[in-house]
Every structure is written in structure tokens, then in C-alpha cells.
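Down below is the structure, laid out as C-alpha cells.
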Amino acid sequence: MTSLWRGLAFVRDQVLARVPRPAVFIALGAIAGAGVLLTVSSLVGVAVETWSRGDVQLRARIVLLSAKGQIEELARDPSPEAAAELQALFARLITDERLQAVGICEPDGRMRAPTSTMPSRLLCASIRRGKAETTMPIRIDSQDLLVSAFPLADGVLGHVVIVHDLTYAKARSDKARVYILVATVVAALLVSGAVAVAMLVLVRNWRTALRTTLEDLRAGRVDAPHTEAALPAELREALDQYDLVRRTIDGVHIDWTPETLQRALGAELPGAEVLVVSNREPYIHNHIEGGGINVQIPASGLVSAIEPVIRACGGTWIAHGSGSADRDTVDAADRIAVPPDAPSYALRRIWLTEEQQDGYYYGFSNEGMWPLCHIAFVRPAFRESDWRYYREVNEMFADAVVREAKTRDPIVLVQDYHFALLPRMVRKRLPKATIVTFWHIPWPNAETFGICPWKEEIIDGLLGSSILGFHTDFHCNNFFETVDRFVESRIDRERRSATLGGHETLVRPYPISIEWPPSALAGQKPVPACGAAVRSRFGLGEGVRIGVGIERFDYTKGIVDRMHAVDALLQNHPEWLGRFTFIQAAAPTRSKIASYRALQDEAVALADEINARHGTPDWRPIVLSIRHHDPAEVFELFRAADFCVVSSLHDGMNLVAKEFVAARDDERGVLVLSTFAGASRELVEGLIVNPYYAYDMADAMNRALTMPVAEQEARMRQMRALVRTRNVYRWAGQMLLDAAQLRRREAIETLAAGNLAALPRLLRRRMG
Ligand code: F6P
């Protein structure tokens, strides 16, 4: 019942917020009226004035024609008598009130027989005269006059000049203007008044309809509508609002920052509780030799993406406590406030036995799912015991989610392939939770996924989510195909959702990114100083150019392949011998797994072999640094490099590529990027390569080393602009706004559930 009332209140707010105020209409009416008024009155004034001028000219012409013969006769006679007669004739003519003066401009420019009313400053020289009648306005002594000149005997005898007084025309036009002004003001007042009254009636009707509908809903008196048109207006309004929110999320450009994210959450998910679930924890406490504890930030794309987000919105992060000093740093509830320097959220650690860790993490997650989802030609291994541990650990984490949740409808952000079963487990116990699962690695095609013996359970687990996110549309489509192939479900491609057992999961692409500006950039030395520091640390000569590769020692990253490319570069371009070194920083990872150990051995042997083939006693083409590198060190390496290679054989996104771009605030350096990394869909200004083809990568390395500065800057500027706007706050913001929208829809469905049986169907249709 509470949720019904929340839904009703929501609808009421939507309707009342969208009701236009009558004052708005009056104001709009007044503005429009004033505009019309000014335009009409000035047009009328001009028209009246033009018409009046035409009128006086016509009268003059008629008067003249009636006396033209007599005038010409007298004009031919140069005697003073004829002049006196002309003057008398002209004096008679100007008895017409519109004519002021008449005279003759003789061919030599003298004025003959002017009436006494002829302005003394009006000279023949200033009057335009021709073979036909001419007219010109003249202003003399602040009086507006119109002067017409009529030729006598084609101008041979001069021109009769008639001066009209235009005061009359002006007075007439001013009078017309005033009449129109008064008439339009009266009309505008009448129209705005009528609109305001109509609006008042309309608003009163809306309010009454809303009150009645809510009362009816409460009392169960509303019949189920069968078409959208039959829905109460208020619910249609709520649906419109829902559409509006969706359009806003999709279409509006927002500069995403921690503050924007916080504000968006505050506005769209007020009071929502956020819980993050991942295997890897953001802060690992380890005992160090000789006593003491240090804090390590793991080399994990997932951690670098989620950490700034939860910092921004607070909450609880549930993760495996894997550090040797982790147990010594938590409280009685296995919690610790982090980040250590400025705590803003809680880290809740889960303890796993060695068997659980071997089965769930090394076994099923990293020997089964990891090679299954990455096409790197490492065979996945599926063992019954690993699967049992995987289920067990998923249960443990689901349990922790339920215990940590302080509300019945938290937002649970589930991370990655370690927890494919957890969404369904949480959904069963917290049906109202909004579960947003993000799959950080690729999703293979249905055929490949079919290899997994527990594919149905995995799909079922994931479809417990409210929203399931992948990096790219391609992975979403692979997922749909897999669901379609292996479980009885309904897939709605248009809406991008899959429904299993009545529960619908939205499946959407959210390309992950990094924080902007990256915190590791703070405190970095200028680029030349970083170059000097790296050269001195690795014993490189002054003029030696630098390429870098930085990641976990994982077989999906193409580390061996890029070493082959360095080998090819030195063979094809011997000019780089002694002048170029490739630094490979690689953090040991999952070393319990044979394929990882084998990769590390292979890489070390290959580096030695290439160094032996091309190197000299004081120069090595490849430097391998196998240890954990903290973010500041990583950024220093990025800033020292002429180019960075990301040669993943397959990668969901790859954040190293984005971090390299973020580190180069000097807009220099070149990114050599695998076409098989999701990042290549966005960072198209990198040099895109096929990592399986050493020659291609060697060629890109050579291009990077010889690329003009202007081209480097142009490419880097584009990529930086993209990473800046499509940062990790946007990634999280989009998922969370989608979650907010989903919750809103659920509120409307709850509202409708009791009485409006047809509404969910209509909602689904409109919200697709
Ligand atoms: O790429 C998948 C992923 O889970 C990342 O999110 C993370 O960067 C990496 O693997 C970490 O692996 P692990 O936690 O096993 O060291």
C-alpha cells in the first residue's frame, strides 16, 4: 500500500509540475499583442501617409490640366502684364486648401510669377525638373512640403511648380495611427482575458480530474483501460515524463564529474543505498618485511573504474580480503573505512579459504570463464569441484549483500565474471533491489559459450539482474544470441531486453572509462623531467627513444606478440639499433595458473633472446620490469614514452589505452592499439594494428617514432577530448540513470497494478 501511495504521489507531482500557470498565458498574450500592435500601427501610418500624398498630387494635376492652355499662352508672352495675369491665375488656383504655392521655373532657372505664398528659400535650382512630371519631398523651415514640376510645351517654356503642404497628410496618418492603437489594445486585452479565463477553467478541470482519479484508484472504482487514449490524463502525463527522462539521458550532453554524478544520484535516486560487489578489493593491506603494513592499490581496470565512482556516491564495497594484513585492519564487522587518506565509503571484506580461492577464483573464474570469453587460444578448463566452489562463494557474497543492505531496495552494482550467479541469488532474497551487473570482459558468440557445461545456470544467474552491461553492442548481441540458443526466454531486440520467468533484464552497452582528470597525474613532473627520470632508472642513454607497454602479465594482452614486433622493427629498420628501447612493465598475476607461469617464462626468454640478438654491452632493446607498479610510476612511464603499445589479443575495453592518453597533457606521444581491444572502437586516432601480425605492429612502431609533432598533437587532442567527456563518471552515471528510470517505471507499474490491468503493457510499449 505504501508503494501504491508513493506511486500516486509521484503521478500527482508529475501532473501538478506540468500544469501551465494562467499568468504565463496572460504574459504571453500581452507580449504577442504588443508585437502585433506596433507592427500594425506603423504599417497603417505609412499606408495612410502614402495615400494622402497621392491624393494631393492628383488634385494638383487636375487643377493644372484645367488651366494648362491658358498658362502656356501667358508663359510665351514675356511682358509684365502677362506676368501679372499669370500671378492672378495662380492665386486663384491655390484657393484649394491642399496647394500652398504656384509659380513658373523658367528654362534659365528664374522663378516667374510666384504666388506670395511661395517659400522664399525654395529656388528653381533645388527642384528636380524633367520632360515628364516630377515630384519630390522637401523640408523648409520645419515644414514638410511636396513639390511637383509640370513641363510647359515639353519644358521649352519652363515648368509650372506646385508646392503642396504635407502637414495635412501627416496629420491624417497620425490620427489613423492613434485609432489603430486604441483598437488593437482593446482587442489584445479581450483576447488575453479570454485565454486566461479558458486556462483557469482548464486547470480547475485537471485538478478535479486528478483528485477524482486518485480517489477512484484508492477506492478501486477505475475500470481497466484498453487503449492508451482511455488512460486517465494524469497517467499519460506520467508516461510522458518517463519518456522525457529517457530522452534526456540519451540526448543531452553533460560534463560528467564526481559532483555531476553525486547530483544526478541525489536527484534521480534520492536516498538510494549503493552496494558494490567485486572479487578484487580496492585497497589491499599487506605486512611488510621488518614490520609494518603497507596499502596496495591493485593493477585492476575494474578497481580503477569503480573506485572513483563509489568515492563520489558513498556506500559499501564488498570484496575478497586478499592481503596478508587485511584481517588485522578491519573492525569486528570485517569493515574498514577507505580510502585510507580520506575515508568516504566502507570496504567490507569477505574471507575465503584456500580451497575456495583455488576453486572459485583460480579454477572456475580464471581457468574456465576467462579463457572461454577471451579468444586468445588458451583452452578453458571446467572442473566439477571448481563449479561447486564458484556457487558456494557466490552464495557467500550474496549473503553479505543481504546482510549489508539497510533498505529493501538497494542498488547493487555487481562486477564481472566472478559473480555470474549472484544477481539471481540476491533477487530471490531482495526482490525489490535494483541489480546492475557489469561484465568487464568480452562475451563470446553462442557457439563458443556453449562449451561451458553450466551455461544455463550462468545465463539464469545473470538474468536475475535489472540491468546487464557490456562494453560494446557487439558483446550485447553475442549475449542475446547465447540466451536465445540456450534458455527458454523472450528477447526484445528493439527494447534490448531479455525476459526469463517473468523478470525482464535490460541488456545495454556502457563503454567503461577512467576518471578525468586522473588522480595519478597530480604531482607528476613535466614530461621532459619524467623522460630523464625513466632514462636514469633504466640506464638508457640520453638520445634513446622509448616505447612502453604496461599491464598485468596476462596472455590476453599480447605481450609476447609485441616483443616479436620490436624484433621485427629492429630487423626492418636497423637505424633504430642503439637508439630505441622498449620498456615492458608487467605486474605478476594469477601465477598459480600454469598458463600464466608459462607466459611469464616465455616472455623472459624471448626478451633475453632479442636482447642477445640486437643488444650491445651498453644498450638493450627490451627492458622487462616484472613487479607491481603503483599509479604514479605508471603515469611517469606513460609521460616518458614516445609511444605506448596496447596489443591485446582480445579485450573488453582496455583502460591502459585511455590512461596513456590521459597522462599526456603535453598532447604528444602515439598510441599503438590492437583492433581486438574494445578501446579501438573509441580511440580511432591511435595507430590501429593486428597484434597477430608482427610486421604490422613493427610498421606502426616505426610510424610512431617518426610521426611529426603536429600529427601527434592532432591525434592526441582528439583522443583526449573523447576520454575527457566519456569518462568513468559518465559510464557510472548512465548506468545509474538507467537504474533510476527503471525504478520510476516500477513505481508507475505499482501504481497501475491494482486497478489498471492494461497499463504495464502500454508502459512497455512506450518505454521500449
Ligand atoms: O578485465 C577483467 C578484470 O576483472 C578487470 O576488471 C581487472 O582489471 C582484471 O580482470 C583483474 O584481474 P584480477 O583481479 O584477477 O587480478
Side-chain angles (χ1 to χ4, degrees), residues 276-284 286 296-310 317-323 326 349-350 352 356-376 378 386 390 393 397 413-420 422 437-444 469-472 475 510-515 550-559 586-593 595-597 599-600 626-629 631 634 646 648-659 674 676-679 728 731-732:
V276 173
V277 184
S278 76
N279 171 70
R280 187 61 62 198
E281 57 182 339
Y283 295 95
I284 305 176
N286 283 315
Q296 183 194 331
I297 298 172
S300 157
L302 178 158
V303 167
S304 61
I306 297 287
E307 218 272 336
V309 173
I310 190 158
W317 187 330
I318 302 166
H320 171 213
S322 57
D326 274 355
R349 285 174 171 149
I350 305 286
L352 300 180
Q356 285 172 330
Q357 167 112 1
D358 285 349
Y360 137 83
Y361 173 74
Y362 289 110
F364 191 78
S365 298
N366 287 315
E367 285 190 274
M369 297 302 282
W370 183 268
L372 179 76
C373 293
H374 289 92
I375 304 166
V378 169
D386 291 346
Y390 186 82
V393 172
F397 275 75
L413 304 177
V414 182
Q415 306 304 311
D416 234 345
Y417 58 100
H418 309 90
F419 297 111
L422 181 137
T437 302
F438 191 78
W439 195 260
H440 289 255
I441 61 176
W443 188 276
F470 294 95
H471 292 295
T472 63
H475 298 150
Y510 302 99
I512 203 168
S513 194
I514 58 168
E515 59 176 334
I550 304 176
E551 53 255 301
R552 292 178 304 107
F553 229 132
D554 196 296
Y555 54 78
T556 59
K557 304 294 178 188
I559 295 173
T589 177
R590 307 171 188 170
S591 317
K592 263 195 170 183
I593 300 174
S595 47
Y596 283 79
R597 286 197 306 273
L599 167 76
Q600 199 162 317
I626 307 177
R627 62 175 173 83
H628 176 79
H629 298 75
V634 169
V646 171
S648 310
L649 303 180
H650 200 190
D651 220 330
M653 173 55 68
N654 193 294
L655 294 183
V656 170
K658 294 188 173 179
E659 280 170 352
S674 163
F676 305 121
V728 74
W731 171 74

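Just so you know, ligand 1 is whichever comes first in the structure, and atom 1 is the first atom listed for that ligand.
- Of the heavy atoms in Asp416, only side-chain atoms (C-beta onward) come closer than 4.0 Å to ligand 1.
- The ring of Tyr596 has its center no closer than 6.0 angstrom to the ring center of Phe553.
- Judged purely by distance below 3.5 Å, without hydrogens or angles, the side chains of Asp386 and Tyr362 never pair a donor atom with an acceptor atom.
- In terms of polar-atom proximity, defined here as any N/O pair under 3.5 Å, Asn366 makes no such contact with ligand 1.
- Counting protein heavy atoms only, atom 14 (O) of ligand 1 is closest to Arg280 NE, 2.9 Å.
- The protein heavy-atom contact nearest to atom 10 (O) of ligand 1 is Arg590 NH2, 3.4 Å.
- Residue Tyr362 does not touch ligand 1, judged by heavy-atom distances below 4.0 Å.
- Phe364 has its ring centre no less than 6.0 Å from the ring centre of His418.
- Side-chain N/O atoms of Trp370 and Ser365 include no donor and acceptor closer than 3.5 Å.
- Compare Val656, Leu302, Ile306 by their heavy atoms: the one nearest to atom 5 (C) of ligand 1 is in Leu302.
- Close approach to Trp370 involves these atoms of ligand 1, each under 4.0 Å from a residue heavy atom: 1 (O), 2 (C), 10 (O).
- Pairing each heavy atom of Tyr417 with each of Ile441, the nearest pair is CD2-CD1, 3.6 Å.
- Within the listing of ligand 1, atoms 1 (O), 2 (C) sit less than 4.0 angstrom from a heavy atom of Ile441.
- Side-chain atoms of His320 and Glu281 form no donor-acceptor pair, as typed in the model, at a separation below 3.5 Å.
- What sits closest to atom 8 (O) of ligand 1 on the protein, heavy atoms only, is Gly301 N, 2.5 Å.
- Without hydrogens or angle criteria, His650 side chain to Ile375 main chain gives a donor-acceptor distance under 3.5 Å.
- In this structure, the protein non-hydrogen atom closest to atom 7 (C) of ligand 1 is Ser300 OG, 3.4 Å.
- Of the N and O atoms on the side chains of Tyr361 and Gln356, not one donor lies less than 3.5 Å from an acceptor on the other residue.
- Contact annotation: Arg552 has at least one heavy atom less than 4.0 Å from an atom of ligand 1.
- Regarding atom 15 (O) of ligand 1, its nearest protein heavy-atom neighbour is Tyr361 OH, 2.4 Å.
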